[in-house]
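Heads up, the thing below is written out as structure tokens.
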Amino acid sequence: MVQFLPLLSILSLASAVLLSQRQKAAAQVVKLTSTENLAVRSNGQILATNMQSPNLYTVDPVAKTSSTAIVLTGASGLSGIGEVLPDVFAVIGGKGIYRVDFTGTTPKETLVKEITEASNLNGLAVLNNNTVLVADAGRGDVYRFDVTTGAYSVALSDPTMTPSGSIPFGIDGIKYRDGVVWYTNIFKNSFHKVPVDATGKATGAVTTLWTNLMGDDLCFGPNGKIYVATNGKNSVIEVDPAVGKPTTVATVTGSTSCGFGRGSADKDVIYIGASQGIFQTTISM
Ligand SMILES: *[C@@H]1O[C@H](CO)[C@@H](O)[C@H](O)[C@H]1NC(C)=O
């Protein structure tokens, strides 16, 4: 989610300044207000969303430029994004799930369907080439959503996903890999995983990795590690899934999301969405 608490931000900024004496700051790629989420295309461009805009932005990390790739009709703001097929993306716009196709000469957008009963859709994970998992931060559950037909139903619901605090946000970041769903709960400061079957239904218990560090969205590194944007904690952290303890990689103010480069020149580069734009830093492989 976007950076939300001014007081927390000021306190965090102070700690970020202290931290930066020890931790490297990620470098700004482009300035882009309140980046909410991002996805890296196979051609190296980064697609970025903003919860206050229907524009899907495209960022060239080499030229360090940004522009609007396409406007999603009927949306007032965009959040989670993921690639379902080569250069075809599912994007959350309000209660709607859009399909954005970059395979032609100009990008095409289609509203697949609205999840009418949704409260606050935020994170999105790709389960397979036709299904996404959509996290409802307001209701504290996860829908499986067919990006062709728009058929959807609740796949996951757990107390670790429920909202808490004055802003009704619970489950926030979500990603899927190799039979496991990884997710954060932003105001519970927690990070979890749950094994799932091919339909996204849990096949085992939820494991909680921590309950003392804010997490927004996350991404998988090429080195098998998981990276989590910590939003109000102004950083990106790395976690070895086998160990489960976070270590800070870089400081970034209001970090919301991340994704890795897909080219030979940037495969060890993590791109980070944040309140002041898109940032990057190199990770150790
Ligand atoms: C999607 O995945 C299924 C199952 O792995 C596969 O059979 C199918 O060919 C894939 N479709 C496309 C368009 O890649």
Side-chain angles (χ1 to χ4, degrees), residues 37-49 56 58 69-75 78-93 95-115 118 121-136 141-157 171 173-183 193-204 217-227 241 257-264 266-267 271:
N37 218 311
L38 61 78
V40 181
R41 288 179 62 195
S42 52
N43 70 358
Q45 305 279 304
I46 302 161
L47 299 174
T49 64
L56 182 60
T58 182
I70 191 165
V71 181
L72 301 197
T73 311
L78 312 180
S79 53
I81 178 167
E83 187 177 29
V84 287
L85 283 170
D87 240 4
V88 179
F89 295 81
V91 184
I92 298 171
K95 295 184 182 207
I97 311 298
Y98 291 75
R99 189 183 171 97
V100 186
D101 186 337
F102 283 91
T103 60
T105 45
T106 54
K108 286 197 189 62
E109 50 107 14
T110 324
L111 170 62
V112 182
K113 194 168 189 167
E114 288 203 329
I115 299 178
L121 301 180
N122 194 267
L124 181 147
V126 176
L127 183 64
N128 59 47
N129 63 22
N130 193 51
T131 315
V132 291
L133 297 174
V134 182
D136 191 330
D141 52 25
V142 175
Y143 299 95
R144 66 173 73 81
F145 184 96
D146 182 313
V147 297
T148 307
T149 66
Y152 65 87
S153 52
V154 172
L156 295 167
S157 194
I171 183 170
I174 183 168
K175 288 290 173 289
Y176 168 84
R177 186 173 65 178
D178 299 338
V180 180
V181 170
W182 301 82
Y183 61 95
K193 66 171 176 175
V194 62
V196 297
D197 66 16
T199 71
K201 186 173 170 302
T203 56
D217 219 323
L218 59 133
C219 58
F220 299 117
N223 52 6
K225 300 209 172 122
I226 300 174
Y227 295 79
S257 50
C258 57
F260 275 84
R262 295 171 65 177
S264 54
D266 69 353
K267 63 179 188 302
Y271 296 106

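Just so it is clear, the values below take in all heavy atoms, side chains as well, and ignore hydrogens, waters and symmetry mates. Residue numbers run from 1 in the order of the sequence given. Counting starts at 1 for both ligands and their atoms, following the listed order.
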With Asn130 via side-chain hydrogen bond (donor to acceptor under 3.5 Å, both in side chains) - residues at least two apart: Asp146, Thr148
Would you mind checking which non-hydrogen protein atom is closest to atom 11 (N) of ligand 1, with the distance to 0.1 Å? Asn129 ND2, 2.9 Å
Determine, counting only non-hydrogen atoms of the protein, whether one lies under 4.0 angstrom from atom 8 (C) of ligand 1. yes
Whether the side chain of Arg262 engages the backbone of Val40 through a donor-acceptor N/O pair (distance < 3.5 Å, no angle test) should be reported. yes
Going by a strict under-4.0 Å cutoff (protein heavy atoms only), does atom 2 (O) of ligand 1 have a neighbour on the protein? yes
Under 4.0 Å and counting heavy atoms only, is there anything from the protein next to atom 14 (O) of ligand 1? yes
Tightest non-hydrogen contact, residues Cys219 and Gly259, listed as SG-N, 3.7 Å
Note: Val126 and Glu83 closest approach over all heavy atoms is CG2-O, 3.4 Å
Using 30° and 60° as the class boundaries, would you call the ring planes of Tyr152 and Tyr143 parallel, tilted or perpendicular? perpendicular
Under 4.0 Å from a heavy atom of Leu85: which atoms of ligand 1 are those, numbered in the order shown and with their elements? 12 (C), 13 (C), 14 (O)
